[in-house]
Amino acid sequence: MFNYGSVLHQPYESAYATIRRALVSNPGRKLHRLKNVLQLPNTSDTLNKWLRQQQSMPKDDIPGPMTPTRQCPECAAACFHTNLYTLRWLNACPIHGCAFRYSCAICGRPWPKLSELEKRDCHGCGIPSKDDFLTYTLPLARKMNTTELEVVYSLWKVSGKLCLPNLRERFDYCYDLNPRLMWVVADEVDELYPSLVDHLMPSNVVRVKQATYRGLYCKEANLHPLDEDAGPLANLTHGYPLIKRVRPNQDALHDIYLVFKGISQWLFRVSDHRACYINDYRNLTTSRLSTSYRICPICSALSVWLFHASFRENLNVSTGSTESFPILYNHGMDRFLSLGRPQVYFRGEYFTYDEPFSRWLYRRSLMILFIDLFKFFQLLANIQRKLMRTEPFTVSRMSHHVIRKCGLSIHKGKLRFLYHLRDPLTAISPPHSIQTSMACKAFHDNNAARLFNPYLYLRVNKNNLCTLTEFLDYQNSLTENFILMCKKT
Amino acid sequence: MANNSSVYSHPIFRPRQMPITTPAMTLVRDELTRCVWTHQTGVIITGQSRAGKTSACRQIKRCPILNRDGASVPVLYVSIRHRDKPTIKSVFRQLCLSSDLKISDRDNSDTLCRLYFHHILDRIHSSPSPNVLLLVDEFQRLSPDQFDAFAELYDVSEEGDIDLTTAFIGNDPECRGLIEKLESDEFAHIYGRFFGHWIAFTGLVSEQQVASCLRQYDTLRYPDDGPSYTGFFLPQAVKEGWRFESLAPDLWRIFSEYRSAARITSWGMQSFTSTINTLLSDVLPHCGVENHSDEHIHECIRISGLLPGLVKPKD
């Protein structure tokens with residue numbers, strides 16, 4: 001019998017960490033002796049079996065080398081390592097927020113191979129002495145909280161395509177981003193895709209207990225049967241979903257302007273951006289992304305969002321090349337508001353709801369659409385040079401915390417939309433980690449000639465936000481450009 | 001009586017597995033619980049040989065005491081053996097070997113201490129509170145210097161935020177000389193740490209205690225859904241309402257004759273168990289509960305080894 005070092009055990013640990021803690025917990029025992037104790041003639045299955053027992057997940061679940069290439073120094077000092085650290089999109093330790101290191105922070109040597117472990121007496125990467133164990137290793141191990149790893153693991157399970165464990169880090173340049181925020185960004189971004197869809201189409205209408213939604217906001221709407229002979233609104237819309245019948249007019253553009261202004265103000269308030277460069281991103285693809293200039297999530301998200309809102313409301317077009325964004329489509333981010341049909345299926349009948357609620361919901365959805373886009377472009381920026389260009393991301397339905405507490409109920413003929421956040425923008429992390437305005441300008445200038453449409457350029461300054469008049473002028477230029485495009489085609 | 005094939009699987013033929021609890025055992029359990037709950041560093045338990053100390057340890061190991069959270073406190077047990085060299089290393093070796101840890105001849109004290117400390121960590125890992133109870137049996141075989149091994153283990157455990165309570169169990173009077181040595185200033189750090197609490201472990205000292213043990217023969221069952229221990233061997237008598245507990249006055253009266261003659265203070269559990277088991281399994285089934293006499297009990301006590309155990313050389 002030998003000690004397992006259970007006190008050092010953490011979920012998701014790698015085989016490397018399992019063996020290391022066994023070596024730490026059996027001072028004086030050599031690796032080959034451990035194998036002898038396990039009655040292993042030559043590293044046969046028994047060791048693997050023991051490893052599988054000791055680890056909380058199947059050994060082959062996450063492919064990982066037996067020698068760690070990079071580690072979190074804090075985790076290493078606590079005798080912990082997980083193969084999740086090989087995920088390339090993970091830029092910092094989810095537990096401690098430290099940047100990964102390719103060598104030990106204490107002794108400066110590269111992380112030891114398994115065979116070198118027993119010869120290392122460094123408490124940062126090898127077998128700690130008794131005093132070091134009591135002073136550093138044990139307290140660190142007891143303080144470890146691997147809850148964040150569950151999130152990473154679930155993300156890896158869902159979006160395994162993001163995992164590039166064997167890809168050499170060719171673009172190993174220094175991020176100008178705070179590693180801690182990078183992690184926050186990665187966490188947020190991977191949950192982005194279906195939030196808008198879920199927001200517009202919450203789970204089936206069910207009669208929910210009021211207690212379930214205690215503390216949530218509630219918006220009520222009158223329901224009208226979606227039947228030609230029933231209800232004045234249905235007659236007005238001829239049975240079509242209401243949202244498509246809201247014709248663009250001065251009021252609608254005014255609403256969009258207010259949302260645009262609100263988003264801009266929020267962006268300038270929480271980021272160090274001084275200006276945003278709005279342009280046409282329809283020609284941008286992953287493969288055409290410059291490797292020299294990094295895309296700015298703020299500018300790109302705001303651009304795509306404004307295009308969508310403008311085309312949808314101002315020009316009332318939604319299909320074809322006008323609103324086609326390959327970079328979004330290729331990565332599953334092609335679900336715009338066209339999916340949000342404001343109709344409710346309840347007890348065998350279709351209903352639609354009244355105009356004020358429809359417009360309110362649309363404005364709110366626009367805001368959530370921006371959040372989705374913003375997160376997507378954050379992800380894109382983070383892995384711009386590490387992206388697997390041949391395969392798109394696997395898009396899976398995952399909840400987003402903006403809409404996690406979001407539901408519909410029908411009570412006495414009225415639709416009740418219950419939601420958690422009055423202002424969805426407050427639910428996302430402040431984008432402090434975005435590149436500077438200078439970098440944005442460089443990206444914009446570099447792509448101006450080959451990608452962007454010079455007629456659709458708009459610069460929004462922090463100290464001089466776009467006025468309503470400027471916004472309407474911009475909308476007119478969009479219209480003219482659209483007409484020109486239609487003539488060309 | 002049941003058929004012969006199953007008779008000898010009965011617990012009374014395997015005294016080490018008999019779950020008879022004596023008042024002294026209860027006292028020891030209560031005292032150790034108190035020590036663990038109040039984070040005492042050490043306690044000594046002394047008593048005459050064959051009084052049931054090791055059985056008490058075994059019972060605590062089998063059914064660990066609970067900490068304040070209601071969780072079991074990990075119990076580590078080591079029985080000290082005489083070795084050629086009474087060194088600290090040999091203590092650590094015995095500690096490791098008692099826990100089946102693989103050691104080699106080249107391991108020094110430091111390595112062995114770390115190894116055993118990690119073993120404690122392993123044991124404590126699943127427990128919600130950091131209490132560990134180390135039972136050191138036959139501690140009279142230790143030399144005073146060897147207690148430093150336990151002091152070191154305690155120090156390491158304390159650094160590792162573990163509450164280690166060490167209970168030394170030894171034979172009285174063999175351990176008296178050792179304790180007197182440890183009372184000197186030279187070993188004040190040992191005495192103060194481990195010898196602050198003293199529990200005297202005794203055998204049975206009253207008729208009530210004898211009756212209490214006999215009552216367990218009337219209530220414990222084997223198999224679990226079978227007859228009582230008494231009913232297993234004397235089914236007819238039990239059916240007619242006879243209880244083994246009713247023999248307590250006779251047993252105590254006859255034992256008292258030996259007690260006063262040989263100046264013994266208590267009835268050791270080994271002798272008591274042997275007497276009772278012989279009486280229950282051999283004598284009473286043959287002579288019947290109505291026909292037994294004092295001679296039968298005298299004979300059982302004689303067979304139990306109480307008298308040879310009392311033979312002492314003339315001063």
Side-chain angles (χ1 to χ4, degrees), chain A residues 1-11 13 17-40 46-47 50 53-56 78-80 118-119 121 123 126-144 146, chain B residues 61 71-78 88-89 92-132 134 148-164:
Chain A
M1 180 180 168
F2 61 94
N3 298 322
Y4 294 138
S6 310
V7 72
L8 304 174
H9 169 71
Q10 305 289 348
E13 72 174 8
T18 310
I19 293 174
R20 186 177 168 207
R21 70 177 160 89
L23 286 168
V24 169
S25 305
N26 294 277
R29 305 288 91 84
K30 302 293 181 190
L31 184 61
H32 69 86
R33 182 159 174 78
L34 281 183
K35 291 173 186 170
N36 289 339
V37 172
L38 288 163
Q39 297 176 340
L40 305 176
T46 316
L47 178 60
W50 179 72
Q53 285 172 351
Q54 286 295 299
Q55 291 175 290
S56 57
C79 287
F80 178 71
E118 55 202 7
K119 296 168 195 164
D121 55 359
H123 71 264
I127 310 300
S129 65
K130 184 176 77 176
D131 290 341
D132 284 345
F133 179 82
L134 290 169
T135 311
Y136 302 109
T137 313
L138 193 56
L140 280 171
R142 282 181 170 152
K143 274 196 290 187
M144 287 269 284
T146 55
Chain B
K61 202 177 170 191
S72 299
V73 173
V75 178
L76 301 162
Y77 176 83
V78 60
I88 290 174
K89 180 179 171 180
F92 284 129
R93 279 181 63 86
Q94 291 188 54
L95 283 169
C96 291
L97 290 171
S98 69
S99 295
D100 287 335
L101 293 171
K102 298 287 180 185
I103 58 174
S104 73
D105 294 339
R106 285 177 293 178
D107 289 332
N108 57 25
S109 296
D110 190 44
T111 305
L112 293 170
C113 178
R114 286 169 62 191
L115 195 61
Y116 196 70
F117 170 66
H118 280 290
H119 177 66
I120 293 176
L121 280 175
D122 263 8
R123 292 290 305 273
I124 210 170
H125 177 61
S126 54
S127 177
S129 69
N131 298 107
V132 179
L134 173 60
D148 277 325
F150 298 101
E152 184 181 345
L153 199 58
Y154 173 79
D155 290 341
V156 176
S157 301
E158 194 181 29
E159 279 187 71
D161 203 18
I162 294 171
D163 290 329
L164 176 67

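Residue numbers start from 1 in every chain, and the chains themselves are labelled A, B, ... in the order their sequence lines are given, proteins ahead of strands. Since we're looking at a predicted model, the values are computed, not measured.
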Q. Out of curiosity, A/D131 CG to B/R114 CZ, how far, rounded to the nearest 0.5 Å?
A. 9.0 Å
(Q) If you count every heavy atom of other residues, nucleotides or ligands that lies below 6.0 Å from B/Y77 atom OH, does the total exceed 12? (A) yes
Q: Give me the one residue out of B/D122, B/L121, B/I124 that meets side-chain contact (heavy atoms from CB on, under 4.5 Å) with A/V7.
A: B/L121
Q: With a 4.5 angstrom heavy-atom cut-off, could you sort out which part of B/N108 is near chain A: side chain, backbone, both or neither?
A: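 Neither part.
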Q) For B/I162, is it the side chain, the backbone, both, or neither that has a heavy atom closer than 4.5 Å to a heavy atom of chain A? A)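 It is the side chain, since no backbone atom gets that close.
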(Q) Let's test your reading of the structure: which of B/T111, B/L115, B/D110 forms the most heavy-atom pairs below 4.5 Å with chain A? (A) B/L115
**Q.** Residue pairs fulfilling salt bridge (charged side-chain N to carboxylate O under 4.0 Å, His left out) with at least one residue in residues 153-162 of chain B, sequence neighbours excluded
**A.**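 The answer is B/D155-B/R193.
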**Q.** Residues forming a side-chain contact (heavy atoms from CB on, under 4.5 Å) with A/S25, sequence neighbours excluded
**A.**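 With sequence neighbours excluded, A/S25 shows a side-chain contact (heavy atoms from CB on, under 4.5 Å) to A/N3, A/L8, B/H118, given in chain and number order.
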